[in-house]
Visitor: 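Dropping a structure here in structure tokens format, bear with me for questions.
Proteins come first, then strands; the chains are lettered A, B, ... in the order of their sequence lines, and each starts at number 1.
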2 protein chains.
Amino acid sequence: MQSYAKKVSMSVVKRLPKYYRYLNDLSERGFEKISSKELADLMGLTASQIRQDLNSFGAYGQQGYGYKVEDLKNAIVKILGIDRPYNCVIIGAGNLGRAISHYEGFKNQGIRIKAMFDIDSQKVGKSRDGIPILHMDQLEEFLAGNNISIAILCVPRTIGQGTANRICKAGVKAIMNFVPLDLDVPEGVMVENVNITDSLFTLTYLLNE
Amino acid sequence: MQSYAKKVSMSVVKRLPKYYRYLNDLSERGFEKISSKELADLMGLTASQIRQDLNSFGAYGQQGYGYKVEDLKNAIVKILGIDRPYNCVIIGAGNLGRAISHYEGFKNQGIRIKAMFDIDSQKVGKSRDGIPILHMDQLEEFLAGNNISIAILCVPRTIGQGTANRICKAGVKAIMNFVPLDLDVPEGVMVENVNITDSLFTLTYLLNE
DNA sequence: TAGATTGTTAATCGATTAACAATC
DNA sequence: TAGATTGTTAATCGATTAACAATC
């Protein structure tokens, strides 16, 4: 739990994972220092913006020198909260749910998929890559008993909102929503939408410009 | 091909698919008219913003009355360019590629998945839901010969940029990128990123606020 | 010390909201 | 006509960029 004086804007927050990606990469490639100018060129931002962004959280650089890659990376890791693990569940063991359950990007990042849920008796009781598939009836019990902090929602559109209601009622505070639907959730519950159709239609728009 | 006098801002463009979703839903539910105020309440925007957004493209309402749902829906459909079909390919027939190949959100929307590509000899030559899985060696030939306008990229990170290069060289002008990597593409090629890891880390940030 | 680059304040730019005349 | 709601201009708010003093 961290708390910052200034309210950090969503624009900045949305850029944080990108900072993390680039700094992680620089660190892996053995870079020791980087200036805001160099990082800006790399990321397609301006040096000014990078300094403003970072200073929403604190002063991580050294005047006349720049930023130590490793230190800045670690700072971002802490800011993002990925210095600790998160217990997650995937709801809906269809193709998408299964794809996410072994998504390469999560590896070694503290995202722990504890279970998947479905109603299909063909799937329930089985296991995929060591992740058990449980029946939807067991959802509330599992969420309560396993310290689950993130629910990844991959159910059909028709039961999207209903399932979200169950998740929220069970006290889960974060939903990654793959259902092409804007969820209505109580105050304090975070929803991050990944809407593949919306993204595709943005693309068709841009194609016709 | 449409062309507008004023340059429409990305903020507006990103909201268009959402307008489409809501208007489609209203239309299906038999609503005939809607005011900017009513739509705003529904979508969590302001009436003013909706009127500004729509007026980037033209005047679709009637003073004193509001907007005819069907007409406005059709206008948005045209603006998004989804009044015509798009030939697409999915590159990478892993779990994610396969999930997207029968994603429910695309049904009846003119998104035609013409082929999937992979290097795995276990997969190549087979078919999934009528979509053939071809070898990566055939990519350029297929893109050129089948009027493909959108490539959906679901390959491993390591070959993401290389594959994007091949796509661009073949003349494809739109890439939906699921690879957790910022692609470097020539001027005029549209990239829409769906970065699941970035979204998840945004969520972990918000959880720790 | 001189040069470089940060942290931060001020200026600009763009997006959202408010207001209201036009008009259905 | 009177009431309602648009289209559009003006005002505000927020985010990005520029500038520069602080300082390593």
Side-chain angles (χ1 to χ4, degrees), chain A residues 4-19 22-23 26 31-76 79 202 205-206 209, chain B residues 4-19 22-23 26 31-76 79 202 205-206 209:
Chain A
Y4 306 106
K6 335 172 196 177
K7 174 75 191 145
V8 179
S9 81
M10 238 334 148
S11 322
V12 176
V13 172
K14 290 278 179 189
R15 277 193 293 271
L16 290 174
K18 186 171 175 177
Y19 284 118
Y22 279 84
L23 288 162
L26 284 165
F31 285 80
E32 211 172 87
K33 71 144 277 205
I34 193 149
S35 70
S36 56
K37 178 68 171 64
E38 289 164 332
L39 190 56
D41 290 344
L42 222 50
M43 294 180 65
L45 305 173
T46 65
S48 216
Q49 184 169 43
I50 287 181
R51 296 204 299 279
Q52 288 277 27
D53 283 358
L54 296 177
N55 279 95
S56 318
F57 303 100
Y60 300 108
Q62 285 164 255
Q63 272 137 324
Y65 174 81
Y67 299 85
K68 283 197 173 139
V69 170
E70 203 60 23
D71 290 358
L72 188 53
K73 190 196 99 179
N74 290 335
I76 302 266
I79 290 166
T202 302
Y205 171 85
L206 295 171
E209 245 182 332
Chain B
Y4 307 104
K6 333 173 195 176
K7 174 74 192 144
V8 179
S9 81
M10 236 338 145
S11 321
V12 177
V13 173
K14 290 278 180 189
R15 276 193 293 270
L16 289 173
K18 186 172 176 178
Y19 284 118
Y22 278 84
L23 287 163
L26 284 165
F31 285 81
E32 212 171 85
K33 71 146 276 205
I34 193 150
S35 71
S36 56
K37 178 67 170 64
E38 289 164 332
L39 190 56
D41 290 345
L42 222 49
M43 294 180 65
L45 304 173
T46 66
S48 215
Q49 183 169 44
I50 287 181
R51 295 204 301 278
Q52 289 277 27
D53 283 359
L54 296 178
N55 279 94
S56 318
F57 303 100
Y60 299 109
Q62 286 166 255
Q63 272 138 326
Y65 175 82
Y67 299 85
K68 283 197 174 138
V69 170
E70 203 60 22
D71 290 358
L72 188 54
K73 190 197 99 179
N74 290 335
I76 303 266
I79 291 166
T202 302
Y205 171 84
L206 294 171
E209 244 181 330

Visitor: Any side-chain heavy-atom pair from B:I79 and B:Y60 closer than 4.5 angstrom?
Guide: yes
Visitor: Nearest whole Å is fine: how far is D:dG14 P from A:K14 NZ?
Guide: 19 Å
Visitor: Please determine, for C:dT17, whether a Watson-Crick or G-U wobble partner exists with both distances under 3.5 Å, and give it or none.
Guide: D:dA10
Visitor: Rounded to the nearest angstrom, tell me the gap between atom NZ in B:K33 and atom P in D:dA4.
Guide: 11 Å
Visitor: Taking all non-hydrogen atoms of both residues into account, name the closest pair between A:S36 and A:I50 and its distance.
Guide: O-CD1, 3.8 Å
Visitor: Which listed nucleotide (C:dT23, C:dT5, C:dA15) is nearest to the side chain of B:S9?
Guide: C:dA15
Visitor: By the 4.0 Å heavy-atom rule, please label B:S11 as base, sugar-phosphate, or nothing.
Guide: sugar-phosphate
Visitor: In whole angstrom, what separates B:K68's NZ from D:dA4's P?
Guide: 20 Å
Visitor: Is B:S48 touching bases, backbone alone, or none of the nucleic acid, heavy atoms closer than 4.0 Å?
Guide: base
Visitor: Could you go step by step and tell me if A:Q62 and A:K68 meet the side chain to side chain contact (heavy atoms under 4.5 Å, CB included) rule?
Guide: CA-CA 8 Å; A:Q62 285 164 255; A:K68 283 197 173 139; 4.1 Å; yes
Visitor: Considering only side-chain heavy atoms of A:Q49, which listed nucleotide, D:dT16, C:dT5, C:dA18, is closest?
Guide: D:dT16
Visitor: According to a strict under-4.0 Å criterion, is B:S36 in side-chain N/O contact with OP1 or OP2 of D:dT5?
Guide: no
Visitor: Please state how far atom OH in A:Y60 lies from atom P in C:dT8, giving the value in whole angstrom units.
Guide: 12 Å
Visitor: Looking at C:dC24, C:dT5, C:dT8, which one has an atom nearest to any side-chain atom of A:Q52?
Guide: C:dT8
Visitor: Can you check the A:E38 CD to C:dA4 P distance for me, whole Å?
Guide: 13 Å
Visitor: What is the distance from CG of B:D53 to C1' of D:dT8, rounded to the nearest Å?
Guide: 14 Å
Visitor: Heavy atoms from C-beta onward define the side chain here; which of C:dT17, C:dT8, C:dT6 lies closest to that of B:T46?
Guide: C:dT17
Visitor: Carefully, step by step, assess A:I76 and A:L54 under the rule side chain to side chain contact (heavy atoms under 4.5 Å, CB included).
Guide: CA-CA 9 Å; A:I76 302 266; A:L54 296 177; 4.0 Å; yes
Visitor: Could you state the atom-to-atom distance from CG of B:L45 to P of C:dA18 in whole Å?
Guide: 13 Å
Visitor: Report yes or no: is there a donor-acceptor pair, N or O only, under 3.5 Å between the side chain of B:Q63 and the base of D:dT5?
Guide: no
Visitor: Tell me which nucleotide among C:dT6, D:dT5, C:dC20 gets nearest to the side chain of A:R51.
Guide: C:dT6
Visitor: Paired with D:dT23: which nucleotide, if any, by Watson-Crick or G-U wobble criteria at under 3.5 Å for both distances?
Guide: C:dA4
Visitor: C:dG7 phosphate, OP1 or OP2: any side-chain N/O from A:Y67 under 4.0 angstrom?
Guide: yes
Visitor: So, for A:V13 and A:P17, which heavy atoms are closest and what is the spacing to 0.1 Å?
Guide: O-CD, 3.3 Å
Visitor: For A:K37 and D:dA19, give me the distance from atom NZ to atom P, rounded to whole Å.
Guide: 15 Å
Visitor: Mapping A:R15 and B:Q62 to their closest nucleotides on DNA chain D, which lands nearer the 5' end?
Guide: B:Q62
Visitor: Any side-chain heavy atom of B:Y67 within less than 4.5 Å of one from B:L23?
Guide: no
